[in-house]
Colleague: 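One structure coming up, written as C-alpha cells, with questions to follow.
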2 protein chains.
Amino acid sequence: MPAIDRESPVPPYIQVANDLRARIESGEIPPGRALPSLVKLEDEFGAARDTLRKAVQVLKDEGRVQTVRGMGVFVLPLE
Amino acid sequence: MPAIDRESPVPPYIQVANDLRARIESGEIPPGRALPSLVKLEDEFGAARDTLRKAVQVLKDEGRVQTVRGMGVFVLPLE
DNA sequence: TGAAATTTGTGCGTATGTATT
DNA sequence: GAATACATACGCACAAATTTC
C-alpha cells in the first residue's frame, strides 16, 4: 500500500507524485483512466488536500495528466 | 433545530456527524430511509457542502450509511 | 419521447489556524 | 521569517445517475 515516509527528506507531495507516476508508467492507471479522486487519495496516503493537489500539479506540469472539471484527473496518452 | 456550535473545539463536520448518528440511532431515520439531501442539510446546519460531505463520510466509514448517486444517502440495517 | 429537477461525485480556488523544519 | 504540511471550512462549477413530469 502506498504510504508516505515521514522520515524521508523527500517532501510528501513529491512522494505522492512519484507514487502516482509509477502507477501510470506501470500501466496500473492507463491512458484515458482517471486517478483516484482527491477524497480517495486522502484515504490512501493520509495526506492533506493541499499536499495531494500539489502532487497532481506536478504530474500536470509534466504533461502526464489532465484535469477535467467535475470528472477527475485523467492520464494522457504518451507522446 | 440542529445547530453548529462555532465556539466548540469539536469541528463542525463532527458535530453534524454526531447529530445525524443520533437521528439514526433514535430511529428518527430508520434503515432503508435516506438522510436529508445535502441541500437540505445546508439549510439545516448552515454549513458548506464540503463540511456536510465530510460528515456523511464519517457515517460511511462507520458503515452506517451508503450513498447512491442521484438518489441519496441511505441508512443501512444494523448488523 | 425528452426535458427538468434532484442528488451525489469531483475538482478548483481560497481562507484561517496550527505545527514543524 | 519562509516553506512545507496538516486540518478545517467556505463557495462555486460542472458531471453523472436517478426520478419526475
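The figures here come from the full heavy-atom set of this structure, side chains too, leaving out hydrogens, waters and symmetry mates. Chain A is the first sequence line, chain B the second, and so forth, proteins listed ahead of strands; every chain is numbered from 1.
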Colleague: Applying side-chain contact (heavy atoms from CB on, under 4.5 Å), run through Ile29(A) and Leu35(A) and close with a yes or a no.
Modeller: CA-CA 7 Å; Ile29(A) 309 177; Leu35(A) 303 182; 3.9 Å; yes

Colleague: Start with the C-alpha gap between Val65(A) and Leu76(A), add the side-chain angles, then the distance that decides, and say whether side-chain contact (heavy atoms from CB on, under 4.5 Å) holds.
Modeller: CA-CA 5 Å; Val65(A) 299; Leu76(A) 292 171; 5.6 Å; no

Colleague: What I want to find out is whether Asp19(B) reaches Arg23(B) closely enough, with some N-O distance under 4.0 Å, to be called a salt bridge.
Modeller: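 Looking at Arg23(B) together with Asp19(B), the answer is yes, because their closest N to O distance falls below 4.0 Å.
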
Colleague: For the pair made of OH in Tyr13(A) and P in dA3(D), what is the distance, rounded to whole Å?
Modeller: 12 Å

Colleague: Identify the two heavy atoms, one from Tyr13(A) and one from Ala55(A), that lie closest to each other, and give their separation to 0.1 Å.
Modeller: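 Closest pair (atom of Tyr13(A), atom of Ala55(A), distance): O-CB, 3.4 Å.
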
Colleague: Need two values: the first and the last nucleotide of DNA chain C, 5' to 3', having an atom under 4.0 Å from any heavy-atom of chain B.
Modeller: dT7(C) to dT10(C)

Colleague: Starting from C1' on dT19(D), measure out to CZ on Phe74(B) and report it in whole angstrom.
Modeller: 11 Å

Colleague: Using a 4.5 Å cut-off on heavy atoms from C-beta on, say whether the side chain of Leu41(B) contacts that of Glu44(B).
Modeller: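 A side-chain contact under 4.5 Å exists here.
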
Colleague: Could you give the CG-to-P distance, from Leu52(B) to dG11(D), as a whole number of Å?
Modeller: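 From Leu52(B) CG to dG11(D) P: 11 Å.
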
Colleague: To the nearest Å, give me how far apart CG (Asp5(A)) and C1' (dA5(D)) are.
Modeller: 15 Å

Colleague: Whole angstrom is fine here: how far is it from CZ in Arg49(B) over to C1' in dA13(D)?
Modeller: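 My rounded result for the distance is 10 Å.
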
Colleague: Of all the nucleotides listed (dT19(D), dA17(D), dT8(D)), which has the minimum atom distance to the side chain of Lys54(B)?
Modeller: dT8(D)

Colleague: State whether the side chain of Ser26(A) and the backbone N or O of Ala22(A) hold a donor-acceptor pair below 3.5 Å, judged by distance alone.
Modeller: yes

Colleague: Calculate the interatomic distance between Asp50(B) atom CG and dC12(D) atom C1'; express it in whole Å.
Modeller: 12 Å

Colleague: How would you label the contact of Val73(B) with the nucleic acid (heavy atoms, under 4.0 Å): base, sugar-phosphate, or nothing?
Modeller: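 Touches sugar-phosphate only.
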
Colleague: In the structure I gave you, are the side-chain heavy atoms of Leu59(A) and Val75(A) within less than 4.5 Å of one another anywhere?
Modeller: no

Colleague: Can Asp50(B) and Arg49(A) be counted as an ion pair, charged N to O under 4.0 angstrom?
Modeller: yes

Colleague: OP1, OP2 of dT4(D) versus side-chain N and O of Thr51(A): anything below 4.0 Å?
Modeller: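 No, because none of the side-chain N or O atoms of Thr51(A) sits under 4.0 Å from OP1 or OP2 of dT4(D).
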
Colleague: Nearest whole angstrom, please: distance from the P of dT8(D) to the CD of Gln15(B).
Modeller: 13 Å

Colleague: Between Ala47(B) and Met71(A), which residue's closest nucleotide on DNA chain D lies nearer the 5′ terminus?
Modeller: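 So the residue in question is Ala47(B).
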
Colleague: Locate the shortest heavy-atom distance separating Leu52(A) from Leu38(A); write the atom from each residue and the value.
Modeller: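 Of all heavy-atom pairs spanning Leu52(A) and Leu38(A), the closest is CD1-O, 3.8 Å.
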
Colleague: Expected output is a numbered-order residue list: members of residues 34-41 of chain A with a heavy atom under 4.0 Å from any atom of DNA chain C. What is it?
Modeller: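 The stretch gives Ser37(A), Leu38(A), Lys40(A) as the residues lying under 4.0 Å from the strand, ordered by number.
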
